[in-house]
Structures are given as structure tokens and as C-alpha cells.
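Report on the following structure.
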Amino acid sequence: QVQLVESGGGLVQAGGSLRLSCAVSGGTFSVYVMGWFRQAPGKEREFVAAISRGGDSTYYTDSAKGRFTISRDNAKNTVYLQMNSLKPTDTAAYYCAARDVAILSGSSAMYRYWGQGTQVTVSS
């Protein structure tokens with residue numbers, strides 16, 4: 001059973017930073033493309049970033065480019081999302097997800113495994 005556990009969320013002021021982590025167990029982490037998604041209250045889940053199996057390719061939504069960085073440590077079975085210059089509009093529950101196909105994707109339907117989410121709240 002593959003399990004994903006996010007951590008690192010919290011309350012931060014606008015302009016601040018947070019680093020989210022997602023630890024994966026029960027599977028072979030290095031075969032998964034990993035993604036981060038977020039969902040604000042009353043809104044649909046949206047794509048934030050994805051990273052290839054080896055970490056050499058990344059893909060971001062436009063709102064994340066230049067502010068967020070996705071990375072992974074295959075030795076630690078963990079994917080990270082470094083978020084800088086946070087805005088109140090970044091407030092959401094953040095979810096990590098894994099897919100066992102090698103192609104990066106921004107579609108939530110393409111990801112097989114999901115974590116429970118971690119809340120990020122950015123105050124103005």
C-alpha cells in the first residue's frame with residue numbers, strides 16, 4: 001500500500017516562505033513522477049508543480065513559476081515544495097500525488113496516489 005504524508009504547512013505572512021515535504025512509503029519512490037496540487041475552499045483542485053523520476057525535469061503552473069521550487073530526494077523517498085514570496089491567494093490545502101507513468105502531467109486524473117494534504121494559510 002503506497003502512502004503519502006505531507007508536512008510543513010502552517011500560517012505565514014504575505015511575502016514569507018514555507019517548505020512542504022511529502023514522504024512516500026510502501027512503493028518504489030524512484031519510479032513515480034511526483035506532483036503538488038492545491039485546493040482552496042469552494043474551488044477545484046489545481047495543479048502546482050511536478051517533477052520527473054530522476055528530478056531532472058520540472059513543470060509548474062504559471063502562478064508558481066519564479067516563486068515555488070519542486071525537488072526530490074530519492075534516497076529519502078521525499079518530495080519537497082519550496083514556496084517563497086507567498087501571497088494570500090496561495091492559501092489552500094496542498095496535496096502531493098504520485099503517478100507511475102514517466103510523463104509529467106498537470107492533470108489530477110493522471111495521478112494514482114494521494115496524500116491527505118497540509119494546510120497553508122497566508123495572511124495579508
Side-chain angles (χ1 to χ4, degrees):
Q1 182 75 10
V2 179
Q3 291 187 322
L4 287 70
V5 179
E6 302 95 336
S7 61
L11 174 63
V12 63
Q13 289 188 332
S17 298
L18 282 174
R19 188 195 196 201
L20 306 183
S21 300
C22 172
V24 179
S25 61
T28 305
F29 180 70
S30 60
V31 307
Y32 299 127
V33 162
M34 299 299 299
W36 284 97
F37 292 77
R38 67 186 182 185
Q39 187 168 18
K43 294 188 177 182
E44 293 187 354
R45 189 169 297 187
E46 64 174 0
F47 170 73
V48 177
I51 189 166
S52 61
R53 292 169 167 175
D56 54 326
S57 295
T58 57
Y59 173 39
Y60 296 93
T61 190
D62 286 345
S63 63
K65 290 178 182 177
R67 299 190 301 127
F68 295 2
T69 302
I70 188 171
S71 62
R72 66 190 294 161
D73 186 336
N74 285 354
K76 295 183 178 180
N77 292 354
T78 302
V79 62
Y80 306 96
L81 186 67
Q82 177 68 44
M83 304 187 294
N84 299 328
S85 302
L86 283 162
K87 306 174 182 179
T89 50
D90 294 316
T91 295
Y94 282 71
Y95 300 87
C96 69
R99 69 183 305 232
D100 46 14
V101 176
I103 301 171
L104 298 183
S105 175
S107 171
S108 61
M110 296 293 105
Y111 289 79
R112 182 175 182 181
Y113 305 108
W114 291 84
Q116 293 300 307
T118 186
Q119 179 66 34
V120 171
T121 303
V122 184
S123 63
S124 57

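Note that this is a predicted model, so its numbers are computed, not measured. Throughout, numbering of the chain's residues begins at 1 and tracks the sequence.
With a 6.0 Å radius and a threshold of 12 heavy atoms from other residues, nucleotides or ligands, Gln119 has its CD atom above the threshold.
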(request) Show your reasoning for whether side chain to side chain contact (heavy atoms under 4.5 Å, CB included) applies to Tyr59 and Phe47. (result) CA-CA 10 Å; Tyr59 173 39; Phe47 170 73; 3.5 Å; yes

(message) For a side chain to side chain contact (heavy atoms under 4.5 Å, CB included) check, start with the C-alpha distance between Arg112 and Asp100, then their side-chain angles and the critical distance, and finish with the verdict.
(response) CA-CA 8 Å; Arg112 182 175 182 181; Asp100 46 14; 3.1 Å; yes

(request) Carefully, step by step, assess Trp36 and Glu6 under the rule side chain to side chain contact (heavy atoms under 4.5 Å, CB included). (result) CA-CA 10 Å; Trp36 284 97; Glu6 302 95 336; 3.9 Å; yes

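Scanning for salt bridge (charged side-chain N to carboxylate O under 4.0 Å, His left out) contacts around Lys43 gives an empty result, with sequence neighbours left out. Under the rule for a side-chain hydrogen bond (donor to acceptor under 3.5 Å, both in side chains), the partners of Ser52 that lie at least two apart in sequence or sit in another chain are Asp56. Remark: Gln82 engages Asn84 in a side-chain hydrogen bond (donor to acceptor under 3.5 Å, both in side chains) (not counting sequence neighbours).
Here Leu11 contributes atom CG and Leu18 contributes atom CG; the two are 9.0 Å apart, rounded to the nearest 0.5 Å. Atom CD1 of Ile70 sits about 9.5 Å away from atom SG of Cys22, to the nearest 0.5 Å.
Judged by distance alone, with hydrogens and angles left aside, the side-chain atoms of Ser105 form a donor-acceptor pair with the main-chain N or O of Ser107 at under 3.5 Å. A distance-only check finds no donor-acceptor pair linking the side chain of Glu46 to the backbone of Arg38 [under 3.5 Å]. A donor-acceptor contact shorter than 3.5 Å is absent between the side chain of Tyr113 and the backbone of Val24. Although no hydrogens or angles enter the test, the distance criterion places a donor-acceptor pair under 3.5 Å between the side chain of Thr118 and the main chain of Gly9. A donor-acceptor pair under 3.5 Å links the side-chain atoms of Arg99 to the main chain of Met110, judged by distance alone. A donor-acceptor pair under 3.5 Å is formed between the side chain of Thr78 and the backbone N or O of Lys76. Counting only distance, with no hydrogens or angles, the side chain of Arg45 and the backbone of Gln39 share no donor-acceptor pair below 3.5 Å.
Just one of Val79, Leu104, Leu81 meets the side-chain contact (heavy atoms from CB on, under 4.5 Å) condition when paired with Ile51; it is Val79.
Between Arg53 and Ser30 the shortest side-chain heavy-atom distance does not fall below 4.5 Å. Proximity of Met83 to Leu20: side-chain heavy atoms (C-beta onward) are separated by under 4.5 Å at one or more points. Side chains of Tyr95 and Leu4 form no contact here, defined as non-hydrogen atoms less than 4.5 Å apart. Side chains of Phe68 and Thr61 form no contact here, defined as non-hydrogen atoms less than 4.5 Å apart.
For Ser124 against Ala14, the heavy-atom pair with the smallest separation is CA-CB, 4.4 Å. When all heavy atoms of Asn74 and Asn77 are compared, the pair lying nearest together is O-OD1, 3.2 Å. Nearest heavy-atom pair across Ala40 and Ala92 is N-CB, 3.8 Å.
Seen from the ring of Tyr80, Arg72 does not count as a face-on cation partner, given the 6.0 Å and 45° thresholds.
Between Lys65 and Asp62 there is a salt bridge, since a side-chain N of the basic residue sits under 4.0 Å from a carboxylate O of the acidic one.
For Phe37 and Trp114, the ring centers sit closer than 6.0 Å to each other.
Taken together through direct or relayed side-chain contacts under 4.5 Å among Ile, Leu, Val, Met, Phe, Trp and Tyr, Tyr94 and Val33 form parts of separate hydrophobic clusters.
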